[in-house]
Amino acid sequence: MAEVRYYDIRCVRGEITLVDIDNGVVESAGTSFFDKAVIRVLGSKGWGVLTRDHVDIDSKREVERLVEAAARLAAVTEDHLDLADAPRGVLPVPPLGEDPRDVDLEEKTRLLAGIEEAARVAGVGNTRARYTEGIDAVRFLDSSGNEYSYEAVRSGFSVVAIASRDGVMQMGSERDHITTGFNLRNKQEFGRKAGEVAVSLLDAKIPKGGTKRAVLDPELAGVFTHEAVGHASEGDLVREGASVLGGKIGERIGCAGLVIVDDPSLPEFGFIPVDAEGVAVERTEIVRDGILSSYLHNRETLAAVGNGVPGHARSEHGAPPIVRMSNTFIENGDAAYDEILEECRDGILLIGSRGGQVDPGRGVFQFNAEYGYFIENGEKAGMVRDVSLSGEILSTLHNIVLIGNDRKMSPGYCGKGGQSVPVSDGAPHLLLENATIGGRGE
């Protein structure tokens, strides 16, 4: 048998339920089942990785056969890598309120239809709602004698409303996903808000682009934190020289008082009780008082790069683990919302996110806000649309003038390396000076 320095096997058995409603028509509703395993063997130099369906992890004979097969693959790798030591431990999974498996598909569809119907306010022409439910039963063992198992339940929905008038088309969207039980009851308010925002945006103004003071709401500030800072702190990007934060541990990269955290143990949508390598998870302060303090690592990148904390390996069903974020956020400061608007004086308030682009290597980003408002004499004024925020990651972190005391988290999914995992991000309201605002207005 080829040399085996280490091996682990991670099996995930579960089910995914999806319901999709488009303009009042149920386009699909159903549940699919899966049973996938990933076997990794660290040979004399690198990894050999196998993926299989329906592995009996309790069968010593089957485990030995799979490890031997993966070891043969590892034997042909040429890049030498090592694994850092890491603490082991599993957190308890937050208890469920109502178990989604106790609610039949017909009732789930009826409740989602109520949210979708609520989005059809006057002026809205198209609506779409989608329910997503995931049940994962995870088992893990490795050659060091570590073994764990847990079950994760996630439930949530998204709703989109499109309004149009005189050739102008605008969209409102809402979503809500949790890890603590069934999440479709009494949620019509999300549909109504999506519809009302879409209609309001038809009359919103398009601001003139330029450099000005800007207030970011918790959702957009959270997306900036995840995309621009979180990804740049991931150990694999640092190792590859693809991060603007590479080599900057101990340097000031943001304003005094700025604290940026990734915390897999937080019971938000990105919660994991243990990482995909069996490593205990804990709160990791990426930035402490404006100083870059830590990178996010799995065992491999910690050994290669250092300056960080392991426990950030995650994987999609049937895929090998890679370095990922979980719940990423800016900690609260001490400024009240009204104080932030007053200090802004004349500027712009940006709300929500419609995505964007970030280059962690060059350290530049561009995010589109869902909508916003002018700020005039320290008060919220007229609504704006088609507005964006762009700039350099490091200069933006230095340009934070005030940090609010009203942090809010938002759930979502993060894609990287062809894998998508549940995450959350958040922040309090932030006041930026010298923000680069994009807009086509006069």
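In this text the structure is predicted, and so the values were computed from the model without any measurement. Sequential numbering from 1 along the given sequence is applied to the chain's residues.
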Determine, stepwise, if the pair Leu402 / Leu430 fulfils side-chain contact (heavy atoms from CB on, under 4.5 Å).
CA-CA 6 Å; Leu402 284 178; Leu430 302 178; over 6 Å; no
Could you walk me through whether Tyr7 and Ile39 pass the side-chain contact (heavy atoms from CB on, under 4.5 Å) test, one step at a time?
CA-CA 7 Å; Tyr7 72 80; Ile39 303 94; 5.7 Å; no
Does the pair Glu27 and Arg128 meet the rule for a salt bridge (charged side-chain N to carboxylate O under 4.0 Å, His left out), with working shown?
CA-CA 10 Å; Glu27 290 206 330; Arg128 185 155 201 159; 2.9 Å; yes
As a quick check of understanding, evaluate salt bridge (charged side-chain N to carboxylate O under 4.0 Å, His left out) for Arg192 and Glu189, giving each step before the final call.
CA-CA 5 Å; Arg192 280 194 293 274; Glu189 65 192 80; 5.9 Å; no
How far apart are the C-alpha atoms of Arg185 and Glu98, what are their side-chain angles, what is the distance that settles it, and do they pass the salt bridge (charged side-chain N to carboxylate O under 4.0 Å, His left out) test?
CA-CA 10 Å; Arg185 300 192 188 281; Glu98 182 177 13; 2.8 Å; yes
Please list, one pair per line, the donor and acceptor atoms closer than 3.5 Å that link side chains of residues 409-420 to other protein atoms, with sequence neighbours excluded.
{"unit_1": "Lys416", "atom_1": "NZ", "unit_2": "Glu234", "atom_2": "OE1", "d": "2.9"}
{"unit_1": "Lys416", "atom_1": "NZ", "unit_2": "Asp236", "atom_2": "OD1", "d": "3.1"}
{"unit_1": "Lys416", "atom_1": "NZ", "unit_2": "Asp236", "atom_2": "OD2", "d": "2.8"}
{"unit_1": "Lys416", "atom_1": "NZ", "unit_2": "Val323", "atom_2": "O", "d": "2.8"}
{"unit_1": "Gln419", "atom_1": "OE1", "unit_2": "Glu316", "atom_2": "N", "d": "2.8"}
{"unit_1": "Gln419", "atom_1": "NE2", "unit_2": "Pro320", "atom_2": "O", "d": "2.9"}

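By the 30° and 60° cut-offs, the orientation of the rings of Tyr337 relative to His429 is tilted. In this pair, Tyr148 and Tyr150 present their aromatic rings parallel. The plane angle is below 30°, not in the 30 to 60° band. Using cut-offs of 30° and 60° for the angle between ring planes, the Phe269 and His177 rings count as tilted. Note on ring orientation: taking the six-membered ring where Trp is involved, the planes of His297 and Tyr295 are perpendicular (angle over 60°, cut-offs 30° and 60°).
For Glu277, the salt bridge (charged side-chain N to carboxylate O under 4.0 Å, His left out) partners are Arg40, not counting sequence neighbours. Among residues two or more places apart in sequence or in another chain, the salt bridge (charged side-chain N to carboxylate O under 4.0 Å, His left out) test is passed with Arg175 by Glu219. Here Arg213 pairs with Glu343, Glu433 under the salt bridge (charged side-chain N to carboxylate O under 4.0 Å, His left out) rule; sequence neighbours left out. Taking the side-chain hydrogen bond (donor to acceptor under 3.5 Å, both in side chains) definition, one finds that Lys187 meets it with Asp176, Asn183, sequence neighbours left out.
For the side chain to side chain donor-acceptor pair (under 3.5 Å) test with His312, the passing option among Thr301, Thr284, Asp275 is Thr284; the others fail. None of Val41, Asp82, Leu83 except one satisfies the side chain to side chain contact (heavy atoms under 4.5 Å, CB included) rule with Arg5; the exception is Asp82.
Note: Phe365 and Phe367 meet the aromatic proximity criterion, with ring centroids under 6.0 Å apart.
The cationic group of Lys108 does not satisfy the cation-pi geometry with Tyr131, failing either the under 6.0 Å distance to the six-membered ring centre or the 45° limit from the ring axis.
A donor-acceptor distance shorter than 3.5 angstrom exists from the side chain of Asp142 to the backbone of Gly145, with no hydrogens or angles considered. Side chain of Asp425 to backbone of His226: no donor-acceptor contact under 3.5 angstrom is found.
Using a cut-off of 4.0 Å between Lys/Arg side-chain N and Asp/Glu carboxylate O, Arg101 and Glu15 are scored as not salt-bridged. Between Asp136 and Arg13, none of the side-chain N atoms (NZ, or NE/NH1/NH2) sits under 4.0 Å from a carboxylate O, so this pair counts as no salt bridge.
Counting only residues at least two apart or in different chains, ring-ring contact (aromatic ring centres under 6.0 Å, His included) contacts with residues 240-259 are absent.
Annotation for Lys212: atom NZ counts as buried by contact number, over 12 foreign heavy atoms lying within 6.0 Å.
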